Amino acid sequence: PLLTDEVELRRHVEKAVEETQVIDMHTHLFSIEFGKMALFGIDDLLTYHYLIAEMFRSVELKPERFWRMSKREQADLIWRTLFVENSPLSEAARGIVTILKAFGLSTNAATLDEAREFFATQDVAKHFDRVFEMARVKAVVMTNDPLDAREAHVWENGVRIDARFHAALRLDRVLNDWTNAVPKLAERGYAVETAIDAKTVAEVRRFLDDWITRMRPLYMAVSLPDDFRFPSDDVRDRLLREAVLPTARAAGLPLSLMIGVRRGVNPALRIAGDGVGRADVKAVERMCAENPDVRFFVTFLSRENQHELCVAARKFSNLMPFGCWWFLNNPSIVAEITRERIELLGTSFIAQHSDARILEQLIYKWKHSRRVIADALVEAYTRLLASGRAVTAREIERDVARLFSENFRRWVAIEGAP
Amino acid sequence: PLLTDEVELRRHVEKAVEETQVIDMHTHLFSIEFGKMALFGIDDLLTYHYLIAEMFRSVELKPERFWRMSKREQADLIWRTLFVENSPLSEAARGIVTILKAFGLSTNAATLDEAREFFATQDVAKHFDRVFEMARVKAVVMTNDPLDAREAHVWENGVRIDARFHAALRLDRVLNDWTNAVPKLAERGYAVETAIDAKTVAEVRRFLDDWITRMRPLYMAVSLPDDFRFPSDDVRDRLLREAVLPTARAAGLPLSLMIGVRRGVNPALRIAGDGVGRADVKAVERMCAENPDVRFFVTFLSRENQHELCVAARKFSNLMPFGCWWFLNNPSIVAEITRERIELLGTSFIAQHSDARILEQLIYKWKHSRRVIADALVEAYTRLLASGRAVTAREIERDVARLFSENFRRWVAIEGAP
Amino acid sequence: PLLTDEVELRRHVEKAVEETQVIDMHTHLFSIEFGKMALFGIDDLLTYHYLIAEMFRSVELKPERFWRMSKREQADLIWRTLFVENSPLSEAARGIVTILKAFGLSTNAATLDEAREFFATQDVAKHFDRVFEMARVKAVVMTNDPLDAREAHVWENGVRIDARFHAALRLDRVLNDWTNAVPKLAERGYAVETAIDAKTVAEVRRFLDDWITRMRPLYMAVSLPDDFRFPSDDVRDRLLREAVLPTARAAGLPLSLMIGVRRGVNPALRIAGDGVGRADVKAVERMCAENPDVRFFVTFLSRENQHELCVAARKFSNLMPFGCWWFLNNPSIVAEITRERIELLGTSFIAQHSDARILEQLIYKWKHSRRVIADALVEAYTRLLASGRAVTAREIERDVARLFSENFRRWVAIEGAP
Ligand SMILES: [Mg+2]
Ligand SMILES: [Zn+2]
Ligand SMILES: [Zn+2]
Ligand SMILES: [Zn+2]
């Protein structure tokens, strides 16, 4: 039946957004099979790099001293600074509150004792299942670096990975740090040289093919700096044109581009020290135009690139905008981006990804995003109703599924159930 | 009487915004006298380039195939893709719903039969009158290209044009494609050469003067790319300085600049393939500073130029910001632009233009814009009331008239009634 | 007690924002001791450069003619143009309404007679006290230019300045106009030369030290153009590196950078003729990275730099974002900036400064800002409550105090009571 009443309409939109399972297309999570790489629990949550950066603004402390502390000491300091001495109003701090509350833990305790006790006593496998259920996430995509020795070890041993965790072949070392990648590739038996010639290109393609066979990734991915240009007269351009794009074409794998990060703006903050820069959307347009047979997932880190990305996506059906990345993943900005995407692209974009690094972040990242996306959709459907078209609950579910999983799934080859 | 009650205030603002007739200062509409150039009806509405671009994102189809289809087949495909298989949530798709509803037609039919039947059976002249009344538009400005043979033919035959349709002399071919304009000008008897010398400048001025006499345009206009600079060492700069600006001065005609379009980003999409780029507002500031006796209507296509445009307008009273152009003409963006304009410029800007290409778009473009502008004005008057100043209904009407027609009318020489 | 009810929560947030006294960290106000430099009253309020710029958009008048009018005539013209013939919807115009209302004066009078009568009959000292109380401002920071003869005269005579007025040592003449600063410095006995050598650097440092001793400023400050780069191969860079930054370090004084102004875009408008440009946030990042022992207050004039500034502040704990400057000081933009700052920085920023030039502007600037900041905070606390954490009234007061005075006070050495 048509939903012609605004209150009913809101209820159905909120229900669909609440209940629709997501495929989380970009995370830094690892399944249990990856051992210590799989992060979870309160100490990992509190030492998330978003919170480290914020802590330094509210306490007098030299970064060197912080890095010498144990993870437990770091977590205690962050808790005291951002949750006891201040109100956790920032998005990243509020996320911790959402997680604690979800598990029925105190959100304003003086210490982390209760939370630590809780996480330490969970059965890990059951805890993973529970978090996926609580977050209503049916699958996540990891970020997999074949040149990371710990990771490679798991893959090379043919360990069977939890079916909810899909691989993405991350190319940052090859595309952004070629000089240091060369010896690592050579070590693994690929006859590459720093100066790029046909032989080196062929060996990079062999490297990619081997890892595609091994990981069965859903896509290849790279993060790119704000000064990324395409075309360009550099090593990255040659590797993209001669190795990565032909591999994407041959293997039928999309390429994911995350553009606008400036690495190590403040090296003293280590992983928390990366910045943002406005990038050139024309680079993506040219890549899409030159490679109509390759599909591109694209996100930009600068707020000032978001409207341009929507317009570019109107021009190229092989360009899929996704998520609100990192410094953009805040309610006021997700609200504005989601609205402009709906208005310019209908439902032909991927509404969000979590970028989660610690398991339980799935809970807060998706709960917070769902809230903002639901509001944007309620507004859109209410406007549509006022214009003269009522929708059905079934249509709302179809639309939300498109935003939360189908636009992604249609572009990748997910096997099995999800 | 002073409106000191918020509910009363809102009612009066909404009424004024609803009822005030607009002069639509930039469209691509043509009056009936232009024959087949005057577009209207469901097939033209559905094959609007905004919807073509969106359709390609939701259906697997090569552009070449689409362009080989008849207009009717194209319209059917777009209806099925964006209105049946998906919810019409984008601004352009919702616009169609608004139009269908305005005529009492079904907004969720499986086919276009009913709509086609309706539009095919209207008396065209009465239909034009009806649309103007429904949209509460008292006059529109066309986009008139004297180097378009079909158009020139109408003008040269001295056909009497519907008084609601005013001319604007569009200079894109001359200013953006000089090399190809030269033979066309030569063909029409203007002794121009590709290399610009005094003789060529004089002939361009003669060409402009002839068409100003013939069309009696309200202003001259040009769309400009995102990399437009002023001053600049190129042909466009010389033509602007030596022909266009002197003509504007001599004829007392404003110059309208629409800046930030990138033509043919994806040529495969043809008219739907243009993109956006952030432009340099300093170019406009310099032009306004050098030509204090010429009035400039200015709009930018990039969201990231909007605040700068407001500031530039504070510096130059010969600069009139107008409308929310193309990719900006979406509720969330019109809302933010209108608010920042009111806050920085009071009522000294032109709130909107429709850019309509198909007659009935006047209905949805103005209905949607009125809704957002009314909200922004209600907010502004409510704040003013809270600050201590109540306004009268008469004052509200005066202010809305300024935004919808008077700021434009004061700068142009509209003859007769409107 | 924990505020678990949304209505109660809103009430407490609004109360805290309403009642918390601010330290206004950047104004152009002067205390009574500075004589005619201390501006107040209706004629100065109406001839504020914000309103001059707006007036020119709504009346036909050549700037030259305006500048020949007396201040009283100018004020009359601005009142008639922006308050009688138009509704005062812009932020600057509405500000006047707020001030008139605060003193119980008519907000829609035909003339300025009543207002003039009122201001002319106030006891000046009591009026200053009253305004500070009405605005709930406990202290303001002036903008002090030691190369301004009128100002220097006051300082050099050892006049005791009203304790609510703190000094800031403004470096614009030295850093932005070195060639003209040289003779002025020389005149005052500093042996500087246009070409910068060790002797000149030493003399600039001596000049700064002398004025630091004389003014006891809370910080040094400079406004910078949109094309400011750091590092850079120019005089300003050398003066910054060799004189200003070492002085900041030695004296323990923060440096305030206000970036993005383009001076004299329209010289005919004089003080009302400055524009805006998007600047390079990387310049600030580099300065913060190279000078970890110097604290920087930073604000940008371009809306398109605001998100980047938030991200930069996450990277550098010696970078304190402050205020919504000039063309950004409008409700819709303050609303978006404040939200993104809270979401990215919690309470580790300075919410606002007034930039007031005329005493009574303190009333409207702070009243308007408080309204928008309260809304943003209510939203943030309400979200936090929904996430599972209630706060106490005491915590809200602590947070608001941080935003309104403590983040500033912690970085400067305010003596005595405030
Ligand atoms: Mg916004
Ligand atoms: Zn990531
Ligand atoms: Zn147009
Ligand atoms: Zn200032």
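These numbers were taken from a predicted model, which means no experiment stands behind them. Sequence lines set the chain letters: A, B, ... in the order given, protein chains first and strands last, and positions in each chain run from 1.
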Residue A376(C) versus chain A: region with a heavy atom under 4.5 Å: neither
Of the listed E379(C), R278(C), E395(C), K282(C), the one with the largest count of heavy-atom pairs under 4.5 Å with chain A is K282(C)
D76(A) and R80(A) ion-paired at < 4.0 Å: no
Quick check on A380(C) against chain A: is it the side chain, the backbone, both or neither that has a heavy atom closer than 4.5 Å? both
Between P267(A) and chain C, which part of the residue has a heavy atom less than 4.5 Å away: side chain, backbone, both or neither? neither
Decide ring pair (Phe, Tyr, Trp, His ring centres under 6.0 Å) for F322(C) and F408(C); before the verdict, give the C-alpha distance in whole Å, the side-chain angles of both, and the deciding distance to 0.1 Å. CA-CA 9 Å; F322(C) 76 94; F408(C) 178 69; 8.7 Å; no
Given heavy-atom pairs under 4.5 angstrom as the criterion, report whether the side chain, backbone, both or neither of I396(C) touches chain A. neither
If I compare all heavy atoms of F230(C) with all of R286(C), which pair ends up nearest, and what's the gap? O-NH1, 3.0 Å
Part of P63(A) within contact of chain C (heavy atom distance under 4.5 Å): neither
Let's test your reading of the structure: which of E60(A), E54(A), R262(A), H368(A) forms the most heavy-atom pairs below 4.5 Å with chain C? R262(A)
The interface call for F83(A) against chain C, heavy-atom contacts under 4.5 Å, is both
Per-residue tally against chain C (heavy atom, under 4.5 Å) across I333(A), L301(A), N266(A), I99(A) peaks at N266(A)
Quick check on the interface: out of L82(A), L328(A), N329(A), D274(A), who has the most heavy-atom pairs with chain C under 4.5 Å? D274(A)
Between Q352(A) and C324(A), is there a donor-acceptor pair closer than 3.5 Å when you use the side chain of the first and the backbone of the second? yes
Under 4.5 Å heavy-atom distance to chain C, tell me which part of A272(A) shows up: side chain, backbone, both or neither. backbone
Got a donor-acceptor contact below 3.5 angstrom from the N407(C) side chain to the T347(C) backbone? yes
Leading residue by heavy atom contact count with chain A [cutoff under 4.5 Å; candidates R402(C), M320(C), R389(C)]: R389(C)
Would you call R10(C) and E14(C) a salt bridge, taking side-chain N to carboxylate O under 4.0 Å as the test? yes
Before we go on, tell me: are the rings of F56(A) and F66(A) under 6.0 Å apart, centre to centre? yes
Is the closest side-chain donor-acceptor distance between R57(A) and S348(C) under 3.5 Å? yes
Sort R383(C) into side chain, backbone, both or neither according to what part of it lies under 4.5 angstrom from a heavy atom of chain A. both
Could you tell me whether a side-chain N or O of Q122(A) sits under 3.5 Å from a main-chain N or O of F118(A), the two making a donor and an acceptor? yes
Among E340(C), R410(C), R339(C), who wins on heavy-atom pairs under 4.5 Å with chain A? E340(C)
Would you mind checking if K15(C) and E18(C) are paired as a salt bridge, meaning a charged N to carboxylate O distance below 4.0 Å? no
Relative to chain A, which segment of E304(C) carries a heavy atom at a distance below 4.5 Å: side chain, backbone, both, or neither? both
